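In what follows, a single structure is set out as structure tokens and then discussed.
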Amino acid sequence: MKALRNWEDNVAALALAVVFVAVSWGVLARYVSPRPAVWSGEVATLGFAWIVFVGAAAGARHKLHIGVDLVTARLPQAAQRGIAIGVSLFLAVALAYIAWLAIQIGIKSYARPTPVLRLPSSITHAAVFVGFASMAVGSLRDAIHLLKAPQS
């Protein structure tokens, strides 16, 4: 169950392993083998996209992104709660919209293959969709949690 709860962490870790192996193999093949692994750079780039976007979702779930509360920290508790709910709802909508845009771009780029491996270019946009959709769901979950929490 914990693996499912931390799926963003696991996907980002797997993508990091893919990047590490691809870059290491590319360097090794370039200096040891007569035929360099031309695919390694492309695989590393795809893995890096998944690290960035799914890793950002993992960071958001763990509350690792920077927040500035210079003004809100001085407000009454009820106002802080209201602002937090509003921000969470706004983020859920904005992040869901970006995820939707990623789907639209991914659909348009599906027929355009990557240069070396000839994979659909939409693989990169899938990382954008997965990351932003996960953050949108997390923001909506935060808003619901704040709405259900008893006021102090």
Side-chain angles (χ1 to χ4, degrees), residues 1-69 72 80-149:
M1 204 57 194
K2 187 177 179 183
L4 288 177
R5 218 171 338 152
N6 296 330
W7 71 268
E8 297 107 331
D9 299 356
N10 297 331
V11 170
L14 177 64
L16 179 62
V18 166
V19 170
F20 177 78
V21 169
V23 170
S24 297
W25 185 259
V27 169
L28 184 69
R30 184 175 295 125
Y31 292 108
V32 174
S33 170
R35 284 188 70 209
V38 294
W39 56 266
S40 66
E42 190 169 296
V43 169
T45 300
L46 292 172
F48 186 71
W50 283 87
I51 291 170
V52 168
F53 292 106
V54 179
R61 187 173 40 78
H62 291 295
K63 310 282 187 237
L64 297 175
H65 292 283
I66 295 173
V68 180
D69 62 352
T72 56
Q80 288 181 23
R81 181 175 180 265
I83 290 171
I85 291 168
V87 167
S88 293
L89 289 173
F90 172 77
L91 280 174
V93 170
L95 293 166
Y97 177 68
I98 295 170
W100 182 79
L101 291 175
I103 288 175
Q104 300 303 310
I105 294 170
I107 290 169
K108 290 177 184 173
S109 69
Y110 182 79
R112 190 178 61 230
T114 58
V116 178
L117 297 175
R118 312 303 294 165
L119 298 170
S121 293
S122 55
I123 291 174
T124 304
H125 299 102
V128 178
F129 167 74
V130 169
F132 278 96
S134 176
M135 287 187 277
V137 169
S139 292
L140 186 58
R141 190 174 41 240
D142 289 346
I144 291 169
H145 177 73
L146 286 166
L147 284 168
K148 287 183 176 180

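Just so it is clear, the structure is predicted and the values come from calculations on it, not from any experiment.
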Expected output: side-chain Arg35 to main-chain Arg30 donor-acceptor under 3.5 Å: no
Under the side-chain hydrogen bond (donor to acceptor under 3.5 Å, both in side chains) test, residues paired with Asp142 that sit two or more places apart: Lys63
From CE (Met135) to NE2 (His65), nearest 0.5 Å: 6.0 Å
Side chain to side chain contact (heavy atoms under 4.5 Å, CB included) assessment of Val23 paired with Ser40: CA-CA 6 Å; Val23 170; Ser40 66; over 6 Å; no
pair Val43-Trp25: side-chain heavy atoms closer than 4.5 Å: no
Partners passing side chain to side chain contact (heavy atoms under 4.5 Å, CB included) against Val87 (at least two apart in sequence or in another chain): Ile83, Leu91
Closest non-hydrogen atom pair between Ala127 and Val54, with its separation: O-CG2, 4.5 Å
Which side-chain N or O atoms in residues 94-113 pair as donor and acceptor under 3.5 Å with protein atoms at least two apart or in another chain?
{"unit_1": "Ser109", "atom_1": "OG", "unit_2": "Ile105", "atom_2": "O", "d": "3.1"}
{"unit_1": "Ser109", "atom_1": "OG", "unit_2": "Gly106", "atom_2": "O", "d": "3.3"}
{"unit_1": "Ser109", "atom_1": "OG", "unit_2": "His125", "atom_2": "ND1", "d": "3.1"}

Student check: side-chain heavy atoms of Trp50 and Ile123 closer than 4.5 Å: yes
Thr72 side chain vs Gln80 backbone, donor-acceptor pair below 3.5 Å: no
Spacing of CG belonging to Asn10 relative to CZ belonging to Arg5, to within rounding of 0.5 Å: 11.5 Å
For Ile144, all residues meeting side chain to side chain contact (heavy atoms under 4.5 Å, CB included), sequence neighbours excluded: Leu140, Lys148
Distance in Å, Leu46 CG paired with Trp39 CH2, rounded so as to fall on 0.5 Å steps: 11.5 Å
Non-hydrogen atoms of Ala44 and Ala22 that approach each other most closely: N-CB, 4.0 Å
Which atom of Leu89 lies closest to which atom of Ala143, heavy atoms considered: CD2-CB, 3.7 Å
Set of side-chain hydrogen bond (donor to acceptor under 3.5 Å, both in side chains) partners for Ser121, sequence neighbours left out: none
For Ser139 against Ala92, the heavy-atom pair lying closest together: CB-N, 3.7 Å
Side chain to side chain contact (heavy atoms under 4.5 Å, CB included) between Ser134 and Trp7, worked out: CA-CA 10 Å; Ser134 176; Trp7 71 268; 3.5 Å; yes
Nearest non-hydrogen partners of Phe48 and Val19, listed with the distance: N-CG2, 3.5 Å
Shortest non-hydrogen contact between Ala58 and Glu8, atoms and distance: CB-CB, 3.7 Å
From CD (Glu42) to CZ (Arg118), nearest 0.5 Å: 9.0 Å
Residue list, side-chain hydrogen bond (donor to acceptor under 3.5 Å, both in side chains) with His145, at least two apart or on another chain: none
